[in-house]
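Chain A is the first sequence line, chain B the second, and so forth, proteins listed ahead of strands; every chain is numbered from 1.
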2 protein chains.
Amino acid sequence: MEAREASKTSPRVRSALDALERAHLRKTPQRLAIVRAFVDDTTHPTAQQIFDRLRRAMPTMSFATVYNTLDALERAGSCRVLRVHDDGSARFDPRVDAHDHAICETCGAVRDIEPAKRARLPDEGDLDGFEVRAVERVYRGLCANCR
Amino acid sequence: MEAREASKTSPRVRSALDALERAHLRKTPQRLAIVRAFVDDTTHPTAQQIFDRLRRAMPTMSFATVYNTLDALERAGSCRVLRVHDDGSARFDPRVDAHDHAICETCGAVRDIEPAKRARLPDEGDLDGFEVRAVERVYRGLCANCR
DNA sequence: ATGATGTTTAGAATCGTTCTTCGTTACAAG
DNA sequence: CTTGTAACGAAGAACGATTCTAAACATCAT
């Protein structure tokens, strides 16, 4: 029973719902379902993949709601959008702390990577007045499975 | 007259055409026009922008030909595709040597950045068997104009 | 409980990109 | 030079991902 209770309020689910609250966004059943289906997923799913998972439990769920909710979560600061594939499709990442991504050129899998210790920014001179607010690093290559 | 001659065979134009030849791709008038319109452009244009420039000189140019040619150039190794904007649209970059990009969150401009000296890869342990073939670094922030 | 406001639904619309069909052109072999 | 073959380009239709629209509905502060 403790496990069941914990699954309802896993730390990530709780933090996503708190973020919605802070942003004055309503906690609707749809949003709750999407948060639960997505927030502990490290595979960087597409909106379609999240939608497919939810159809079973909420058959009336609209595709637009998935986009709207992920958008709301992003505005609330508990989700990020990633565009790392050739087709430009959006992948959603529930991790919002600093981290990088490795993309397998063969199978397309996206994996979180801890950033290099003492990673460097370009020399100020090379930035030429540009003010860096965020850094994204993408490693392209072959995952352990595909090698 | 030297200037005119040089403009017809700028080093980048020549290198792009050589690359086409090496890849056994034909040097058609359309491809030549696209190469000339694009190869010295550091603004990372969309296919639409390149198409608009060419309309004047080649009114019959098809939109698909722009994509096909940029694709051919990419396969030939003298162009890269960049997807750094929220809409996932493709930007084309004639620079194929190692460099990074800064994206202005206000105006959307994309600027080439020289990579940091001694930039680091993540620790092998964190890569967990992933074989890195290429690294892309994107800096998001404010360009000198928009600050 | 109630109402103002925010949200969902379903499907249409949009946007960037790719595909398809067919006519044209380049190049090679004779 | 002529012809065959494959590559290429034009035009527009098709496609897939995402966003918009209008109307019905649900949430939450009061």
Rounded distance (Å) that lies between atom [atom2] of [N] and atom [atom1] of [X]:
X: A:Leu54; N: C:dT9; atom1: CG; atom2: P; result: 10 Å
X: A:Leu73; N: C:dT7; atom1: CG; atom2: P; result: 12 Å
X: B:Gln49; N: C:dT17; atom1: CD; atom2: P; result: 11 Å
X: A:Lys27; N: D:dT27; atom1: NZ; atom2: P; result: 12 Å
X: A:Phe51; N: D:dG16; atom1: CZ; atom2: P; result: 16 Å
X: A:Ile34; N: C:dT9; atom1: CD1; atom2: C1'; result: 13 Å
X: A:Arg83; N: C:dG16; atom1: CZ; atom2: P; result: 12 Å
X: B:His24; N: C:dA28; atom1: NE2; atom2: C1'; result: 15 Å

Problem set entry | ring-ring contact (aromatic ring centres under 6.0 Å, His included) pairs, two or more places apart, involving residues 75-95 of chain B | none
Determine whether a donor-acceptor pair (N or O, by modelled atom type, separation under 3.5 Å) exists between the side chain of [X] and the backbone of [Y].
X: B:Arg147; Y: B:Leu142; answer: no
X: A:His44; Y: A:Val110; answer: yes
X: B:Arg80; Y: B:Val96; answer: yes

Problem set entry | Positive for salt bridge (charged side-chain N to carboxylate O under 4.0 Å, His left out) with A:Asp100, one of A:Arg140, A:Arg95, A:Arg137, A:Arg111 | A:Arg137
Seminar exercise, completed: salt bridge (Lys or Arg N to Asp or Glu O under 4.0 Å) filter on B:Asp18, not counting sequence neighbours, yields none
Seminar exercise, completed: Residues passing the salt bridge (Lys or Arg N to Asp or Glu O under 4.0 Å) test with A:Arg53, sequence neighbours excluded, are A:Asp41
Seminar exercise, completed: In short, salt bridge (charged side-chain N to carboxylate O under 4.0 Å, His left out) pairs touching residues 64-76 of chain A with sequence neighbours left out are A:Asp71-A:Arg75
Exercise. With a 4.5 Å heavy-atom cut-off, do A:Asp97 and A:His99 have their side chains touching?
Worked result: yes
Show the distances under 3.5 angstrom between N or O atoms of the protein and N or O atoms of nucleotides 9-12 of chain D.
| from | atom 1 | to | atom 2 | distance (Å) |
| --- | --- | --- | --- | --- |
| D:dG9 | OP1 | B:Thr28 | OG1 | 2.4 |
| D:dG9 | O3' | B:Gln30 | NE2 | 2.7 |
| D:dA10 | OP1 | B:Gln30 | NE2 | 3.3 |
| D:dA10 | OP1 | B:Thr60 | O | 3.4 |
| D:dA10 | OP1 | B:Thr60 | OG1 | 3.2 |
| D:dA10 | OP2 | B:Ser62 | N | 3.2 |
| D:dA10 | OP2 | B:Thr65 | OG1 | 2.9 |
| D:dA11 | OP2 | B:Thr60 | O | 3.0 |
| D:dA11 | N7 | B:Ser62 | OG | 3.3 |

For this session: Using five pairs at either end of the helix from C:dA1-D:dT30 to C:dG30-D:dC1, determine the angle between the two local helix axes and round it to 10 degrees.
Result: 30°
